[in-house]
Structure formats: C-alpha cells, structure tokens
**Student:** 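Here it is: the structure, laid out below.
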Amino acid sequence: ALTFTFWSRPGIEESDLALAQDPITSTARGIYNSLNPGFKSKDGSSVREYLRSKDGFAPASLPGHVVWDRAFACDVIQVEGNQVSIICFMAPDNSRSMHLITFLKREFPNEKVPTRPVIRREGKSCCAKWGDAEQIHVLYSDKGEENLRNVLGI
C-alpha cells in the first residue's frame, strides 16, 4: 500500500491544471457548481429588470441572439469582492440548460480573454469563455458541447 501511495500518486489532469491557472473560469465553475439564483420568474423582462435594479449586466439579447423571454432566473452576487451577474435561460432546444456568468473586465485587468468563444469540457458540462473591453462571459451548458455550439453559432 505504501509503494502504491508514493509511486502511483494520482496526477493532475491537464484540464484541471489549466482551470487552476485561470481564475475567471475557476470562479465561474464554482458559481456554476453551486448555482442557486436569487430571482426566478417566467417573465424575461422581469429577469432583465431585476438585473438592472442590482446594477448587473443585462445585454440587449442573450448569447446566440436568444430573446429575453427565454430567461427564467438570474442573480447579481459578489465573489471575492468581484461583481458577478448570472442569467439562466432556455436553449433553443427548450432545455433549461444555459447559464451565463458575467464578470467585469476591470476586476481581472491582467487576464487575457479571447474575443471569440473558446470551449472547454468539464466533466458532464461544457463552457465557453469570451469577452470584450468591458465584460468577460462564461456560458455553461448542461447538455454538452453540441448544445453550446448551437447557441453560440460556432
């Protein structure tokens, strides 16, 4: 048993190592794994209004130009002093599987963020990360990579 413990230690998976070195995706994964939005509504405009009332991020449309009527939950939270907006919405296939987590770019000034979505598989779920001059987005799909690619059109 001692030989096995010292000579066959479980290694760190490459994806886990990359995740540990990326504070944005690491934080988003923690949020996603404990997802419990504070506001739920069957009215997408109410979801959007709630985000605005909390100074959260409320884009004109959701990723993939999904309309706000498909949003069903949201929240604005603080994680390690950083403001984070969360929007949960139905994918075009009518699964309640999309979770958009948005950070403010100014809170991660040294992080290099791609402008086009980069996809990463994380066990059963899948996420895409991208950003612009002001925000960083991480979109999770409970239904896997194909579902995510369909929404993002990639």
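Values below: all heavy atoms of this structure, side chains included; hydrogens, waters and symmetry mates excluded. Starting from 1, each residue takes its place in the sequence as its number.
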**Student:** Check the surroundings of atom CD in Glu80: do more than 12 heavy atoms from other residues, nucleotides or ligands lie under 6.0 Å from it?
**Tutor:** no
**Student:** What's the separation between atom CD1 in Ile119 and atom OG in Ser141, rounded to the nearest 0.5 Å?
**Tutor:** 9.5 Å
**Student:** Indicate the atoms forming the closest heavy-atom contact of Arg121 with Glu145, along with that distance.
**Tutor:** NE-OE1, 2.6 Å
**Student:** For a quick test of reading the model, state the closest non-hydrogen atom pair linking Ala128 to Leu148 and the distance between them.
**Tutor:** N-CD2, 3.6 Å
**Student:** Kindly indicate whether the side chain of Asp93, heavy atoms from C-beta on, has any atom under 4.5 Å from the side chain of Asn147.
**Tutor:** yes
**Student:** Can you tell me how far apart CD (Glu107) and CD1 (Ile24) are? Round to the nearest 0.5 Å.
**Tutor:** 10.5 Å
**Student:** So, for Phe72 and Phe89, is the gap between ring centers shorter than 6.0 Å?
**Tutor:** no
**Student:** Show, in sequence, the C-alpha distance, side-chain angles and deciding distance for Glu111 and Asp22, and conclude whether the side-chain contact (heavy atoms from CB on, under 4.5 Å) test is met.
**Tutor:** CA-CA 8 Å; Glu111 291 299 314; Asp22 179 356; 4.3 Å; yes
**Student:** Do any N or O atoms from the side chain of Arg70 and from the backbone of Ala91 form a donor-acceptor pair under 3.5 angstrom?
**Tutor:** yes
**Student:** Kindly compute the distance separating OG (Ser85) from CZ (Phe103), expressed to the nearest 0.5 Å.
**Tutor:** 10.0 Å
**Student:** Taking all heavy atoms of Ala58 and all of Arg52, pick out the closest pair and write down the distance.
**Tutor:** CB-CG, 4.1 Å
**Student:** Would you mind reporting whether Pro37 and Cys74 have side-chain heavy atoms less than 4.5 Å apart?
**Tutor:** no
**Student:** Would you say the side-chain atoms of Ser46 pair up with the backbone N or O of Lys42, donor to acceptor, closer than 3.5 Å?
**Tutor:** no
**Student:** So, does Thr27 use its side chain to make a donor-acceptor pair with the main chain of Pro23 at under 3.5 Å?
**Tutor:** yes
**Student:** Does any part of the side chain of Val76, heavy atoms only, come nearer than 4.5 Å to the side chain of Leu51, both counted from C-beta?
**Tutor:** yes
**Student:** So, taking the atom named OG in Ser61 and the one named CZ in Arg48, what distance separates them when rounded to the nearest 0.5 Å?
**Tutor:** 8.5 Å
**Student:** Atom CD in Gln135, atom OG1 in Thr102: separation rounded to 0.5 Å?
**Tutor:** 6.5 Å
**Student:** May I ask whether Trp68 and Phe57 are part of the same hydrophobic cluster, defined by side-chain heavy atoms of I, L, V, M, F, W, Y residues being less than 4.5 angstrom apart, directly or through others?
**Tutor:** no
**Student:** Under 4.5 Å between side-chain heavy atoms, counting indirect links through other Ile/Leu/Val/Met/Phe/Trp/Tyr residues: same cluster for Ile101 and Val113 or not?
**Tutor:** yes
**Student:** CG/Asn33 to OH/Tyr140 distance, rounded to the nearest 0.5 angstrom?
**Tutor:** 7.0 Å
**Student:** Do the charged groups of Asp75 and Lys54 touch, with an N to O distance under 4.0 Å?
**Tutor:** no
**Student:** Same cluster for Ile154 and Val66 if Ile/Leu/Val/Met/Phe/Trp/Tyr side chains link at under 4.5 Å?
**Tutor:** yes
**Student:** Describe, in one word, how the ring planes of Tyr32 and His99 are oriented to each other, choosing from parallel (under 30°), tilted (30 to 60°) and perpendicular (over 60°).
**Tutor:** tilted
**Student:** Consider only side-chain heavy atoms of I, L, V, M, F, W and Y, link residues closer than 4.5 Å, and tell whether Val151 and Ile136 are in one cluster.
**Tutor:** no
**Student:** Looking only at side-chain N and O atoms, does Asp43 offer a donor or acceptor that is under 3.5 Å from a partner on Ser41?
**Tutor:** no
**Student:** Closer than 3.5 angstrom, by distance alone: can the side chain of Trp130 be matched with the main-chain N or O of Leu139 as a donor-acceptor pair?
**Tutor:** no
**Student:** Can you list the steps and then say if His137 with Leu100 is a side-chain contact (heavy atoms from CB on, under 4.5 Å)?
**Tutor:** CA-CA 7 Å; His137 310 286; Leu100 179 65; 3.9 Å; yes
**Student:** If you look at every heavy atom in Gln83 and Gly56, which pair is closest and at what distance?
**Tutor:** NE2-CA, 3.7 Å
**Student:** Taking Ile86 as the starting point, is it possible to reach Val138 by hopping between hydrophobic residues whose side chains are less than 4.5 Å apart?
**Tutor:** yes
